[in-house]
Amino acid sequence: MELPLARYQCISLDQIHTSSSFPSSNHKVLRTKPFFSGYCFRFGGRKLNNPFDKIKCVSPEQGLQPRRPKPKPSRTSDPELKGTEETRVKKPSVGICSQIEKLVLCNRYREALELFEILEIEGGFDVGLSTYDALVSACIRLGSVRAVKMVCGHMINNGFEPDQYMSNRVLLMHVKCGMMIDARKLFDEMPERNFVSWNTIIAGLVHIGDYLEAFRLFMIMWEEFSGCGIRTFALMITASAGLELISVGRQLHSCAVKMGVNDDVFVTCALINMYGKCGSIEDARWVFDDMPQKTTVGWNCIIAGYALHGYSEEALSMFYEMRDSGVKMDHFTFSMIFSICSRLASIEHAKQAHAGLVRSGFGLDIVANTALVDFYSKWGRIEDAQRVFDRMPCKNTISWNALIAGYGNHGRGAEAVDLFEQMLKERMRPDHVTFLAVLSACSYSRLFECGWEIFQSMSRDHKIKPRSMHYTCMIELLGQEGLLDEALALIRGAPFKPTVNMWAALLTASRVNENLELGKFAAEKLYGMKEHKKLCNYAVLLNIYKRSGKLKEAATLLQTMERKGLIMLPVCSWIEVNKKTHVFYTVDKRRIQTNEIYQKVDSLILEISKHGYVPKEKTFLPDVDEQEQHVLLYHSEKLAIAFGLLNTMNGSPLQIMQNHRICNNCHNAIKLIALVTRREIVVRDASRFHYFKDGSCSCGDYW
DNA sequence: TTAGGGTTAG
């Protein structure tokens, strides 16, 4: 049998733009359902096989039983019929089917499926459309592949022939339970497809990130129907967001305007999401402002757009606007807010949002709680993070990762490793982020042997190939042990081209071990690398040029950065006090309390000097000059800490954020400030998390 | 008539 899709070859991005099938203003969007209801696809003029035939959902020993004629449902309750053969067989199944449907209506999906399973084992009972519909709902809600196979197996054995509605429901069940291969088979072999069938399979493809295939089907659908439904439009806008193809998204947007469907709430939300994901937040805001009635999802989309591109303050401000507008906030809103608060280090806003989450009835949501675990652990409250984690009714890999990273960031590497082992015992599957979290924890806590064993187990036991970040962690671990030759060998033995971060880690290890020769070698490798497309990579190289006195190269690099539109933000640190964020720049004399802040820094430096602090950076590369030494005393983080000490209560931890990497000198200074003031200080810099307490830091004296 | 679509976490 030739599948209808076979005549369409693989699609490319250019084809999406230029294909004659792609929407233009000459097409119309088909709004009315009746036009399509009953529309029948009969490819090649012949009706295709039963869609269930290709699904292998029956155990081998059970085999396919011969189809029995579909029984007429017995709806009588006449007591006189109780004694007949027919009612003796059917009556129990009707009652039980009704019970299954009632359980599903009460959201007791697991019990409904358990009851169905018991009867399925016993065999010999009939199920009608409404019961199958309820079972499909239960499978969708539980996402259980096993349940899907059980229900489909029963349909086949029972000789059930689904109508258009039920075919679509079964298709949706496979899509929602992640059985996309089976779903695709079902779709390709469906005797009849309507808009819902097409939308269901396209939505599944978009969901798993197969955007090109989604576009391919969309074009076939467009050609077959000479148009598409409004909902398909929303899906394809989401697909263009996934591909980050703003030009395709704009094409669909202009098409939507010409067809007069741009005011549809789903299209609008998809557009806000698309512009936000493609980095055009102004366009996203424009669409959002134009929304006649702003829905929860609309607000969520615009907040996500701001948050995605680092406009955390604007995102938070939109959150409060949303609250004031009276629109109901949902678990999506709260999940984003916790993530935003963790970036802003905003405990007060997060506390309010946590209370709002509990009040809203989404207190058990897995995503919102995972974001909360991450927030508390980043804010230095690992016990609170553990408490939230313990109360979660179900956890996934991301939840475990958040807590493992939290322990690691607090310098509690042994507990992070214990948690990782517990995760494995509970049969939760680790992913590459889990290994990154646990290897970072080993690196912070100098657990070399443990880290090495876990690194080895990645590919050996878990079939996960180590990525450059995992290699970077191992280079740091080897460097801390003074095993520089082994670190170099690891880089050379990597199955991919060493990255900037790997060479930078070796350079740091060389600095720590004062191995000038290897340090120069690593630095030369960095100089020679061409693929510096990210701002942070340019910044690493720029610092190396500056520190090694290669000022000409540094100037050339700055020119290149300007040409590429990469702007270096001014170096700053910030702290939240009394719900307000205070930003500090190095040698910043424009603020209120300026004199007090500088006096506080001076007194702190005097105090910590008694504990061995030297206001000079230790490096084997050329030292900074005298003027820079003076500046070093008033680096932005020191000013932020002084402000925090002046304006917060004794005992509360100080949370400092900075947009750059903390320098060695400030790192040593803050360790001693934490010691003499008996305050916990949490600093999140551009690359790491530093938890200062009692004269030590969680990062394991990285510098 | 039903059913399908848009937003979130490490």
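Worth saying up front: this structure is predicted, and the values here are computed from it rather than measured.
Both stacking criteria are satisfied for A:Y165 over the base of B:dT2: a centre-to-centre distance under 5.5 angstrom and an angle between ring planes under 30 degrees.
Contact annotation for A:D431: base contact, defined as any heavy-atom pair under 4.0 Å involving a base atom. Here A:K176 lies in heavy-atom contact (under 4.0 Å) with sugar-phosphate atoms only. Contacts of A:D163 with the nucleic acid, taken as non-hydrogen atoms under 4.0 Å apart, are absent. Across all strands, A:N168 comes closer than 4.0 Å to base atoms (heavy-atom distances). At the heavy-atom level, A:A405 lies nowhere under 4.0 Å from the strands shown. Here A:T268 lies out of heavy-atom contact (under 4.0 Å) with every strand.
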message = Using side-chain contact (heavy atoms from CB on, under 4.5 Å), reason through A:T296 and A:M322 one step at a time and then give a plain yes or no.
response = CA-CA 8 Å; A:T296 300; A:M322 179 185 183; 3.9 Å; yes
request  = Show the numbers, then the answer: is there a side-chain contact (heavy atoms from CB on, under 4.5 Å) between A:V373 and A:N369?
outcome  = CA-CA 6 Å; A:V373 168; A:N369 276 293; 5.5 Å; no
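Under 4.0 Å is where a charged nitrogen must lie from a carboxylate oxygen, and between A:R387 and A:D384 at least one such pair does.
When distances run from any side-chain atom of A:S335 to the nucleotides B:dA9, B:dG4, B:dT7, the shortest one goes to B:dA9. The side chain of A:V367 has B:dT8 as its nearest neighbour among B:dG6, B:dT8, B:dA3. Of the candidates B:dA9, B:dA3, B:dT8, B:dA3 carries the atom nearest the A:Q164 side chain, counting heavy atoms from C-beta on. Looking at the side chain of A:A304, the nearest of the listed nucleotides B:dT7, B:dG6, B:dG4 is B:dT7.
By the 6.0 Å and 45° rule, A:K395 stacks over the aromatic ring of A:F389.
Per the geometry, CG belonging to A:L357 stands 12 Å off C1' belonging to B:dA9, to the nearest Å. Rounded to whole Å, the distance from CD1 on A:I272 to P on B:dT8 is 12 Å. When the C1' atom of B:dG4 is taken as reference, atom CG of A:N194 falls 9 Å away, rounded to whole Å.
Below the 3.5 angstrom threshold, one finds a donor paired with an acceptor across the side chain of A:N396 and the base of B:dA9. For A:D365 against B:dA9, a side-chain-to-base donor-acceptor contact under 3.5 Å is absent.
The side chain of A:N273 places an N or O atom within less than 4.0 Å of a non-bridging phosphate oxygen (OP1 or OP2) of B:dT7.
No hydrogens or angles considered: nothing links the side chains of A:Y275 and A:R285 as a donor-acceptor pair under 3.5 Å.
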